[in-house]
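All residue numbers in this chain count up from 1 along the given sequence. Order of listing sets the numbers, starting from 1, for every ligand and every atom in it.
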Amino acid sequence: MAQLNGSKKIKTAVFISGRGSNLKNLIKFSKTKKSPIIIDLIVANKKAEGLKYASQNKIKKTVIKYIKIKIAEKKILTILEKKKIELICLAGFMKVLSKNFINKFNGKIINIHPSYLPKYKGLNTSARALNNNEKFSGCTVHYVSSKLDSGKIILQKKIKISKKETETSLDKKIIKEEHKLYPKAILKIFSL
Ligand code: GRF
C-alpha cells in the first residue's frame, strides 16, 4: 500500500474494545517523525478502558453500541467518511466486521493478532498453544479479509514458549512484541 495522499500523513482510525495498550503504543508511534500515520479517530463498541487515551491525547473518540451490526457499521462508516479516514487499525476490537464494511475499506484495514498465524485464529490463543505443548507462539499483523484472522500477512514475530511458561507470562511476552510489531508493519506497508 503506497502512501495515499502525497507527503501528508495517513489519516488513521484505531478500533478497540478493551484496555488499549496497542492503541497507546500506536499513538506514541504516530507522534514520531518517521510515522506515516496520524491517529484522528478512536472507535469503540463499548466504554472500553482504552478510551482514556483519546482525551489524554486530544483525539476524537466515538462509542458505537452494537445492537444491530448493520446500523452500527453504518454509523461508523458515516464518521469515517466525515473524518476522511484512510486506514483502520484494529487493536483488540472484539466485533467481526461485515463483508460489506470490509469491501468499502478494501485493503485499508489491518489487525494485530496474538499468535503466529495461520496457527491459532480466534480467541484464547496462548491457552490453546500451551495446551498443545507448542514450542513457539507469536504475533501477526495482517490485512483484514472477510474470513476471521485470515487476510494477507504483513509481518509476524515468533516467540519462544519456555518450559515454565504460563498463560499470563506468555501473554506478557506477546503483548511486548506486539508493541514493536504493529509500528513496524505500518512502516512496511507505507514504504515504497
Ligand atoms: C492484543 O493481544 C491483540 O493482539 C488482540 O487483542 C489484544 C488487545 O490488547 N487482538 P490491547 O487492548 O491492545 O492491550
Polar atom proximity, Asn111 to ligand 1 (N or O, under 3.5 Å): no

Hey, are Glu134 and Tyr120 close enough side-chain-wise for a donor-acceptor pair under 3.5 Å? yes

May I ask you to list the atoms of ligand 1 that are less than 4.0 angstrom from any heavy atom of His113? 4 (O)

Please state which option from His179, Glu178, Lys24 has its nearest heavy atom closest to atom 3 (C) of ligand 1. Glu178

Would you say Leu87 and Tyr143 are hydrophobically clustered, going by side-chain heavy atoms of ILVMFWY under 4.5 Å? yes

For atom 10 (N) of ligand 1, what's the nearest protein heavy atom and its distance? Ile112 O, 3.0 Å

Stepwise, does the side chain to side chain contact (heavy atoms under 4.5 Å, CB included) test hold for Ile110 with Cys89? CA-CA 5 Å; Ile110 61 177; Cys89 293; 4.0 Å; yes

Going by the order shown, which atoms of ligand 1 are within less than 4.0 Å of some heavy atom of Pro114? 2 (O), 4 (O), 5 (C)

Can you pull out the closest protein heavy atom to atom 11 (P) of ligand 1? Residue, atom name and distance to 0.1 Å, please. Ser21 N, 3.4 Å

Who's the nearest protein heavy-atom neighbour of atom 7 (C) of ligand 1, and how far? Gly92 CA, 4.2 Å

With no hydrogens and no angle check, just 3.5 Å: does a side-chain donor-acceptor pair link Thr166 and Ser169? yes

So do Val144 and Ile88 actually touch side chain to side chain, heavy atoms under 4.5 Å? no

Does any donor atom in the side chain of Lys95 or Ser17 lie under 3.5 Å from an acceptor atom in the other side chain? no

Assigning hydrophobic clusters by single linkage (Ile, Leu, Val, Met, Phe, Trp, Tyr; side-chain heavy-atom cutoff under 4.5 Å), is Ile175 placed with Ile112? no

Close-contact set for ligand 1 against Arg19 heavy atoms, below 4.0 Å: 9 (O), 11 (P), 12 (O), 14 (O)

Flag Gly20 as yes when one of its N or O atoms lies below 3.5 Å from any N or O atom of ligand 1, and as no otherwise. yes

